Amino acid sequence: MIMVTGANGQLASLTLQELAERKVPALGGSRTPAEGQRRLDFDDPATLDLTGVSALVLVSAGYAEDDLVIARHCAVLEAALRDGVAHVVYTSLTGDGDHLGFALAHRATEQMIKASGLGWTILRNGLYAELFGALLTWATDGLESAFGDGALSAVARTDLAAAAAIVASNPSVHSGRTYDLVGEPITATDVADRLGVAHRMITLAEYRARLLADDVLLPFQPPMLSSIATSVRHGFLSSTGPDLGQLLDRPLTDPLTVAMDTAAAMRPTA
């Protein structure tokens, strides 16, 4: 049986949907499980019951400081070894992402997985096209961003979910492989042009000041978001590659359309 962690999250829920459409039996694990799911709280090792699981899709438990994320992943891997899981599919971060503020926890987890003795496949996911669109800010005369004219090889979340489902459905074929799953490069100006509005570039200092003034953000999030902005702005996340298209065996979902739709949905009403 396949288990997908973080089952109520966006990537995991789409992965479970993909598996269901392929008629592959799978179970979701979550700290707040819905009906038919198994309770799986990374911060409570007593809940980490992976009995009967042959392939585990470990969706990164990010959105925390590195030490907490790594401890969570370590606990899950220990449970996987204890309960006889044969293969772990880990949703990591694109190889171009080493300059990002949240890269360390991903690379540490990759090392733990490779040293664990478990079968493994690493899916190094590119940044979501949905995220790129959401990080564009609406102003009175159009869109603003700190991305400059830099490009991001963004990828639709649905494509990454499909790739995870394909690998988890037949893990032995992908054992010991690391895939870099990125899309085609897009820019903030591309999104603005598609929407028929202007794009104003703001400085990194202005962007950081806005983030620090946002009371909703947790302490680790402003540097994380700033690292995305400077990495895109300075061309560190624009490389593309064939892995995702080869896994899916179909054309990729257009990341520009996804980013545009996301930005358009956030546009304030008049």
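Along the sequence shown, the residues carry numbers beginning at 1. Not measured: the values here are computed from a predicted model.
For Arg38 against Asp49, the heavy-atom pair with the smallest separation is NH1-O, 2.7 Å. Closest non-hydrogen pair, Gly235 versus Ser238, comes out as O-OG, 3.5 Å. Minimum interatomic distance between Gly126 and Leu160 (heavy atoms only, all atoms of both residues): O-CD1, 3.9 Å. Of all non-hydrogen atoms in His199 and Ser145, the two that sit nearest each other are NE2-OG, 2.8 Å. Closest approach of Leu195 and Met260 over heavy atoms only: CD2-CG, 3.4 Å. Contact between Ser169 and Pro171 at its shortest, heavy atoms only, is C-CD, 3.6 Å.
Residues Ile202 and Thr137 fail the side-chain proximity criterion, which asks for heavy atoms closer than 4.5 Å. Asp44 has its side chain within reach of Thr47: a pair of non-hydrogen atoms, C-beta onward, lies under 4.5 Å apart. Contact check for Thr5 versus Leu40: side-chain heavy atoms found under the 4.5 Å cut-off. The shortest side-chain heavy-atom distance between Thr203 and Glu206 falls under the 4.5 Å cut-off. Side-chain contact between Ser172 and Asn170 is present, with heavy atoms from C-beta onward closer than 4.5 Å. Under the 4.5 Å side-chain criterion, counting only non-hydrogen atoms from C-beta, Val182 is not in contact with Arg124. At a threshold of 4.5 Å between non-hydrogen side-chain atoms, the residues Leu50 and Met3 count as touching. Looking at heavy atoms from C-beta onward, Met224 lies out of side-chain contact with Leu218 at the 4.5 angstrom threshold.
Around CG of Asp149, the count of heavy atoms belonging to other residues, nucleotides or ligands within 6.0 Å does not exceed 12. Other residues, nucleotides and ligands place more than 12 heavy atoms under 6.0 Å from the CG atom of Asp141.
Residues Val59 and Leu19 are members of one and the same hydrophobic cluster, defined by side-chain heavy-atom contacts under 4.5 angstrom among Ile, Leu, Val, Met, Phe, Trp and Tyr. Both Tyr128 and Val57 are assigned to one and the same hydrophobic cluster, defined by single-linkage of ILVMFWY side chains at heavy-atom distances under 4.5 Å. The same ILVMFWY cluster, assembled from side-chain heavy atoms under 4.5 Å apart, contains both Leu81 and Leu48. Linking Ile, Leu, Val, Met, Phe, Trp and Tyr residues whenever their side-chain heavy atoms come within less than 4.5 Å leaves Phe236 and Leu135 in two separate clusters. No continuous path of hydrophobic side-chain contacts links Leu56 to Leu123 [ILVMFWY only; heavy atoms under 4.5 Å].
Glu110 contributes atom CD, which lies 10.5 Å from atom CE of Met112 (distance to the nearest 0.5 angstrom). In this structure, OG on Ser175 lies 10.5 Å from CG on Leu118, to the nearest 0.5 angstrom. Considering CD1 of Ile70 and CG of Leu77, their distance stands at 11.5 Å, rounded to 0.5 Å. Interatomic distance, Leu225 CG to Leu131 CG, rounded to the nearest 0.5 Å: 7.5 Å. Atom-to-atom distance recorded for Glu184:CD and Thr240:OG1 is 4.0 Å, nearest 0.5 angstrom. Note that OG1 of Thr109 is 7.5 Å distant from CG of Leu58, once rounded to the nearest 0.5 Å.
Residues Glu65 and Arg72 are not paired through a salt bridge, judged by the lack of any N-O separation under 4.0 Å between the basic side chain and the carboxylate. Salt bridge present: Arg31 and Asp43 bring a charged side-chain N and a carboxylate O closer than 4.0 Å. Salt bridge status for Asp261 with Arg194: absent, with no side-chain N to carboxylate O gap under 4.0 Å.
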Just list the side-chain donor-acceptor pairs under 3.5 Å for residues 95-105, sequence neighbours left out, or say none.
| residue | atom | partner | partner atom | Å |
| --- | --- | --- | --- | --- |
| Asp96 | OD2 | Ser239 | OG | 3.1 |
| Asp98 | OD1 | Arg107 | NE | 2.6 |
| Asp98 | OD1 | Arg107 | NH2 | 3.1 |

Cut-off 3.5 Å, no hydrogens considered: what does the side-chain donor-acceptor table look like for residues 7-17, sequence neighbours left out?
| residue | atom | partner | partner atom | Å |
| --- | --- | --- | --- | --- |
| Asn8 | ND2 | Ser30 | OG | 3.0 |
| Asn8 | ND2 | Thr32 | O | 2.7 |
| Gln10 | OE1 | Arg157 | NH2 | 3.1 |
| Ser13 | OG | Gly9 | O | 2.7 |
| Ser13 | OG | Gln10 | O | 3.1 |
| Thr15 | OG1 | Leu11 | O | 2.9 |
| Gln17 | NE2 | Glu21 | OE2 | 3.4 |

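Side chains of Glu130 and Thr262: a donor-acceptor N/O pair is absent below 3.5 angstrom, by distance only. Using a 3.5 Å distance cut-off with no hydrogens or angles, the side chains of His87 and Ser54 do not pair a donor with an acceptor. One side chain, Thr187 or Asp190, offers a donor N or O that lies under 3.5 Å from an acceptor on the other. For the residue pair Thr94 / Asp180, a side-chain donor-acceptor distance below 3.5 Å is found, with atom types taken as modelled.
Among Thr253, Asn125, Leu247, Leu181, the single residue meeting the side-chain contact (heavy atoms from CB on, under 4.5 Å) criterion with Asp159 is Thr253.
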**Study point:** Residue pair Val53, Ile2: steps toward the side chain to side chain contact (heavy atoms under 4.5 Å, CB included) verdict
**Key:** CA-CA 6 Å; Val53 175; Ile2 297 169; over 6 Å; no
Exercise for review: Give the C-alpha distance, both sets of side-chain angles, the deciding distance and a yes or no for salt bridge (charged side-chain N to carboxylate O under 4.0 Å, His left out) between Arg82 and Glu78.
Suggested key: CA-CA 6 Å; Arg82 180 197 66 211; Glu78 289 174 352; over 6 Å; no
Exercise for review: Please step through side chain to side chain contact (heavy atoms under 4.5 Å, CB included) for the pair Met1 and Leu27, ending with a clear verdict.
Suggested key: CA-CA 7 Å; Met1 179 181 63; Leu27 175 67; 3.9 Å; yes
Practice item. Check the pair Leu244 / Tyr179 against side chain to side chain contact (heavy atoms under 4.5 Å, CB included), numbers first and verdict last. Key: CA-CA 8 Å; Leu244 184 55; Tyr179 295 108; over 6 Å; no
Point to revise | From CA spacing to verdict: side chain to side chain contact (heavy atoms under 4.5 Å, CB included), Ile122, Ile113 | key: CA-CA 9 Å; Ile122 305 296; Ile113 290 171; 4.3 Å; yes
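Taking the six-membered ring wherever Trp is involved, the centroid distance between the rings of Phe132 and Phe147 falls below 6.0 Å.
Using cut-offs of 30° and 60° for the angle between ring planes, the Tyr90 and His106 rings count as tilted.
Although no hydrogens or angles enter the test, the distance criterion places no donor-acceptor pair under 3.5 Å between the side chain of Asp83 and the main chain of Val85.
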